[in-house]
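All values reported here derive from a predicted model rather than from experimental measurement.
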Amino acid sequence: MKILTLNTHSWVELHQIPKIKTLAKFIIDEDIDVVALQEVNQHQETLAISADEYYLSATERAVHHDNFGLLLAHFLKDLGRPYYWSWVDAHEAWNAYDEGVAVFSKVKPRQVAPIVMDDSYDYSQVWRRTALALEIPHADGSFWVASTHMNWWFIEDKYLFASDFASLDSQLRQLAGKAPVILAGDFNNDPETPEEGYAEVISRQWHDTYPLAKAREGEYTVHKKIAGWETATKAMRIDFIFTDQPLQVDYHRVVFADNSPEAISDHSGVLVDFDPQQLFN
């Protein structure tokens with residue numbers, strides 16, 4: 001089973017449409033099963049539309065015709081392989097966008113579930129963070145895949161990550177019950193910074209697919225200063241695919257490296273492959 005995660009940086013990228021087409025072709029060529037995306041944006045002033053039968057609604061906010069996820073879904077369909085997908089909004093971004101997260105699945109999910117980590121924040125506040133979980137059917141049952149975009153460990157005199165992740169962890173495990181869970185996304189925390197977000201995730205019995213992989217290609221997912229990391233002095237690994245149980249992962253690849261001509265975002269993507277039968281052993 002192949003799973004891809006990518007923070008798309010959508011509509012802040014130059015040449016956005018060709019980059020969406022590049023991503024769609026990559027998904028088809030690699031025959032990826034599930035795709036978790038972050039910063040899946042749409043302009044707030046564009047036209048709202050009715051999506052087709054492959055869109056599974058998880059929010060009351062309407063999908064607009066320039067929603068990054070919607071355009072990706074159209075390009076996948078044009079390439080002859082439609083994917084089921086869902087999107088949930090998180091907050092307003094740059095005073096112009098509805099920003100959210102999305103999940104694409106090659107097979108039709110049984111259900112979709114939006115998660116709000118802290119509902120005390122107003123939609124206009126960037127600290128309002130969400131996740132989106134899809135229940136994916138399998139011959140031996142089902143498993144859940146969630147896409148999320150976490151807060152930083154500490155921002156503007158607030159320790160946000162720990163409480164947000166505790167909420168996400170609790171809601172995901174309650175939602176899934178005994179079913180396996182895969183959690184992917186931009187965590188805005190680097191393993192090389194001790195006793196912060198990465199340590200918090202691991203302490204809650206989530207397993208990082210990077211050290212589990214038999215083969216690894218690339219490591220860091222951000223190599224330069226980006227929004228939110230203007231003071232960064234080194235490359236960081238802040239995009240992850242976690243599982244709620246240890247697995248034998250065939251490979252962990254950094255794709256669309258942000259410091260290469262293949263970049264399609266200010267983040268690199270992460271692609272992992274493993275035998276899904278392990279989820280049910």
Side-chain angles (χ1 to χ4, degrees), residues 3-9 12 36-39 90-91 93 99 101 115 117-118 121 125-131 146-173 181-213 216-247 249 252-260 263 265-272:
I3 299 177
L4 170 70
T5 187
L6 175 68
N7 179 322
T8 68
H9 200 222
V12 190
L37 301 176
Q38 304 84 48
E39 291 192 23
H91 54 251
E99 179 178 307
V101 297
I115 295 173
M117 295 174 212
D118 186 342
Y121 291 116
Q125 294 177 287
V126 71
W127 305 308
R128 184 182 187 273
R129 299 288 166 146
T130 61
S147 175
T148 190
H149 187 182
M150 299 296 299
N151 272 308
W152 300 264
W153 179 253
F154 180 79
I155 180 173
E156 296 190 10
D157 299 323
K158 296 180 177 68
Y159 286 95
L160 296 176
F161 185 97
S163 59
D164 280 357
F165 192 76
S167 173
L168 174 60
D169 177 70
S170 174
Q171 291 186 68
L172 263 181
R173 294 186 188 275
V181 184
I182 298 160
L183 175 59
D186 174 1
F187 284 73
N188 268 316
N189 278 261
D190 182 13
E192 295 180 10
T193 304
E195 299 182 7
E196 290 192 355
Y198 182 82
E200 180 72 21
V201 174
I202 298 303
S203 74
R204 293 181 177 274
Q205 306 304 307
W206 290 92
H207 301 269
D208 182 359
T209 53
Y210 178 78
L212 294 174
R216 294 189 286 269
E217 183 179 327
E219 178 178 3
Y220 301 113
T221 59
V222 173
H223 292 83
K224 52 194 175 182
K225 296 180 188 345
I226 60 173
W229 289 101
E230 291 87 355
T231 60
T233 58
K234 60 183 179 62
M236 299 176 294
R237 185 165 73 92
I238 62 176
D239 302 87
F240 301 90
I241 297 175
F242 293 106
T243 61
D244 69 343
Q245 56 187 285
L247 301 176
V249 178
H252 180 290
R253 287 170 50 199
V254 172
V255 297
F256 301 121
D258 62 303
N259 61 342
S260 76
S265 174
D266 63 346
H267 285 242
S268 310
V270 171
L271 177 65
V272 301

* Asked: Yes or no on side-chain contact (heavy atoms from CB on, under 4.5 Å) for His252 and Val270, after CA distance, side-chain angles and deciding distance?
  -> CA-CA 7 Å; His252 180 290; Val270 171; 3.3 Å; yes
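- Once rounded to the nearest 0.5 Å, the distance linking OG1 of Thr209 with CG of Leu271 reads 10.0 Å.
- Residues Glu196 and Phe161 have side chains not in contact (no heavy-atom distance under 4.5 Å, counting atoms from C-beta outward).
- Contact between Glu192 and Tyr220 at its shortest, heavy atoms only, is OE2-OH, 2.9 Å.
- Residues Tyr210 and Gly218 share a closest heavy-atom pair of CE1-O, 3.6 Å.
- Taking Ala131 as the reference, Ile115, Met117, Thr148, Leu168 meet the side chain to side chain contact (heavy atoms under 4.5 Å, CB included) condition, with sequence neighbours excluded.
- Counting heavy atoms from C-beta on, the side chains of Val254 and Arg237 never come closer than 4.5 Å.
- Across Ala90 and Arg128, no two heavy atoms sit closer than the pair O-NH1, 2.7 Å.
- For the atom pair Leu212 CG and Thr243 OG1, the distance stands at 6.0 Å (nearest 0.5 Å).
- With Phe187 as the fixed residue, the ring-ring contact (aromatic ring centres under 6.0 Å, His included) test singles out one of Trp206, Phe242, Trp152: Phe242.
- Residue Asn7 is tested with Ile226, Val222, Asp239, Asp258 for a side-chain contact (heavy atoms from CB on, under 4.5 Å); the sole match is Asp239.
- The heavy-atom pair separating Ala232 from Lys225 by the smallest distance is O-NZ, 2.6 Å.
- The pair Asp164-Arg129 does not meet the salt-bridge criterion, since no charged nitrogen lies less than 4.0 angstrom from a carboxylate oxygen.
- In this structure, the separation between CE on Met150 and CG on Leu160 is 9.0 Å, given to the nearest 0.5 Å.
- To the nearest 0.5 Å, the span separating CD1 on Ile238 from CG on Asn188 amounts to 5.0 Å.
- Shown here are the ring-ring contact (aromatic ring centres under 6.0 Å, His included) partners of His149, two or more places apart in sequence or in another chain: there are none.
- Rounded to the nearest 0.5 angstrom, Gln38 CD and Ser265 OG are separated by 9.5 Å.
- Residue Glu230 places its CD atom among more than 12 non-hydrogen atoms of other residues, nucleotides or ligands, all under 6.0 Å distant.
- Geometrically, Arg204 does not engage Phe165 in a cation-pi contact defined by less than 6.0 Å to the ring centre and at most 45° from the axis.
- For the pair Ala235 and Asp190, the tightest heavy-atom approach, listed with the atom from each and the gap, is O-OD2, 4.3 Å.
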* Asked: Between Asp208 and Tyr198, does a side chain to side chain donor-acceptor pair (under 3.5 Å) hold up when you go through it step by step?
  -> CA-CA 9 Å; Asp208 182 359; Tyr198 182 82; 2.8 Å; yes
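- For the atom pair CG (Leu247) and NE2 (His207), the distance works out to 8.5 Å, reported to the nearest 0.5 Å.
- Of all heavy-atom pairs between Ala263 and Ala257, the closest is CB-O, 3.3 Å.
- Between Leu37 and the choices Val101, Thr8, Asp186, the side-chain contact (heavy atoms from CB on, under 4.5 Å) rule is met once, by Thr8.
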